[in-house]
Amino acid sequence: QVQLVESGGGLVQPGGSLRLSCTASGTILNIFAMGWYRQASGKQRELVATSTRGGDSKYDDSVKGRFTISRDNAKNTVYLQMNSLKPEDTAVYYCKAQIGVSPTLAKDYWGQGTQVTVSS
């Protein structure tokens, strides 16, 4: 069975930075797309950034230019470098990975989330 574990969340002042990491473990044949989502209190979960196996990335407009997604395929790990953090970035951040034999048969796996709080 696959497990995803996030780390790196915490409390930071506006303008500060955090680096989130997410590592997949267990029975893994292939990891395809990996990404980060976030859910603020009372809001729907939304896409933050995604990365293909080859490293092509996409970002939500709200974080473009401030956040950077990267991955280390050898370590089954995806990162999210968050700079110039704003109070509106406060949310629980979730890691997602598409894992399976092939892209069309891959399943989505989710981590339990890590809290990011941006406040002065």
Side-chain angles (χ1 to χ4, degrees):
Q1 191 171 7
V2 174
Q3 295 87 38
L4 299 180
V5 179
E6 304 102 333
S7 64
L11 175 64
V12 65
Q13 293 183 330
S17 298
L18 286 173
R19 184 177 177 87
L20 307 183
S21 64
C22 170
T23 299
S25 62
T27 303
I28 300 173
L29 184 59
N30 291 295
I31 302 179
F32 300 102
M34 302 186 79
W36 290 95
Y37 294 71
R38 67 186 181 187
Q39 187 168 17
S41 180
K43 302 294 180 63
Q44 291 284 338
R45 188 174 298 185
E46 64 182 12
L47 174 69
V48 176
T50 60
S51 177
T52 68
R53 192 174 185 176
D56 294 328
S57 59
K58 295 180 68 71
Y59 300 89
D60 183 78
D61 287 341
S62 66
V63 306
K64 197 172 300 180
R66 299 188 297 121
F67 291 10
T68 302
I69 188 171
S70 61
R71 60 193 290 175
D72 185 338
N73 291 331
K75 296 181 178 180
N76 296 328
T77 298
V78 63
Y79 305 93
L80 185 68
Q81 178 67 47
M82 304 185 295
N83 299 324
S84 301
L85 283 162
K86 305 175 180 179
E88 49 263 47
D89 294 318
T90 296
V92 177
Y93 284 70
Y94 297 90
C95 174
K96 187 181 80 172
Q98 295 179 329
I99 300 174
V101 175
S102 66
T104 56
L105 295 178
K107 296 181 179 180
D108 291 340
Y109 293 86
W110 292 87
Q112 293 298 309
T114 184
Q115 176 71 48
V116 172
T117 302
V118 184
S119 177
S120 60

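Using modelled atom types, no side-chain atom of T77 and backbone atom of T23 make a donor-acceptor pair closer than 3.5 Å.
Contacts of I28 classified as side chain to side chain contact (heavy atoms under 4.5 Å, CB included), with partners at least two apart in sequence or in another chain: V2, A24, I31, N76, I99. By the salt bridge (Lys or Arg N to Asp or Glu O under 4.0 Å) test, K107 is found to be paired with no residue, residues two or more places apart in sequence or in another chain being considered. A search for side chain to side chain contact (heavy atoms under 4.5 Å, CB included) contacts involving Q81 returns S17, R19, T68, N83, not counting sequence neighbours. By the side chain to side chain contact (heavy atoms under 4.5 Å, CB included) test, T90 is found to be paired with Q115, T117, V118, residues two or more places apart in sequence or in another chain being considered. Listed by chain and residue number, D89 satisfy the salt bridge (Lys or Arg N to Asp or Glu O under 4.0 Å) test with R66 (two or more places apart in sequence, or in another chain). For D108, the salt bridge (Lys or Arg N to Asp or Glu O under 4.0 Å) partners two or more places apart in sequence, or in a different chain, are K96. With sequence neighbours excluded, the residues that form a salt bridge (Lys or Arg N to Asp or Glu O under 4.0 Å) with D61 are K64. Evaluation of the side chain to side chain contact (heavy atoms under 4.5 Å, CB included) rule for T52 yields D56 as partners, not counting sequence neighbours.
The two residues C22 and L4 make their nearest non-hydrogen contact at SG-CB, 4.0 Å. Shown here for C95 and V78, the closest heavy-atom pair between the two residues is SG-CG1, 3.7 Å. Contact detail for I69 and G35: the closest heavy-atom pair is CD1-CA, 4.1 Å. For the residue pair S120 and P14, the shortest heavy atom distance occurs at N-CD, 3.7 Å. Of all non-hydrogen atoms in G113 and V92, the two that sit nearest each other are CA-CG1, 3.8 Å.
Residues V12 and L20 fall within the same hydrophobic cluster, defined by Ile, Leu, Val, Met, Phe, Trp and Tyr side chains chained together at heavy-atom separations under 4.5 Å. Under the 4.5 Å side-chain heavy-atom criterion for ILVMFWY residues, a single connected hydrophobic cluster contains both L18 and Y59.
Under a 4.5 Å side-chain heavy-atom cut-off, the cluster of Ile, Leu, Val, Met, Phe, Trp and Tyr residues that includes F32 has no other member.
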What do the steps show when you test Q3 against Q1 for side-chain contact (heavy atoms from CB on, under 4.5 Å), and what is the final call?
CA-CA 7 Å; Q3 295 87 38; Q1 191 171 7; 3.7 Å; yes
Go through the steps for R45 and R38 under the test side-chain contact (heavy atoms from CB on, under 4.5 Å), then give the verdict.
CA-CA 5 Å; R45 188 174 298 185; R38 67 186 181 187; over 6 Å; no
Could you walk me through whether R53 and N73 pass the side-chain contact (heavy atoms from CB on, under 4.5 Å) test, one step at a time?
CA-CA 8 Å; R53 192 174 185 176; N73 291 331; 4.2 Å; yes
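Note that the CE atom of M34 and the CG atom of L80 stand 12.0 Å from one another [nearest 0.5 Å]. Interatomic distance, S119 OG to L85 CG, rounded to the nearest 0.5 Å: 12.0 Å. A distance of 15.0 Å separates CH2 in W36 from CD in E46, rounded to the nearest 0.5 Å.
Identified under the side chain to side chain donor-acceptor pair (under 3.5 Å) test for residues 5-15, with sequence neighbours left out: S7-S21. Applying the salt bridge (Lys or Arg N to Asp or Glu O under 4.0 Å) rule to pairs touching residues 68-88 yields nothing, sequence neighbours excluded. Counting only residues at least two apart or on different chains, the ring pair (Phe, Tyr, Trp, His ring centres under 6.0 Å) pairs with a member in residues 73-113 are Y37-W110.
Few gaps surround CD on Q39; more than 12 heavy atoms of other groups in view lie less than 6.0 Å from it.
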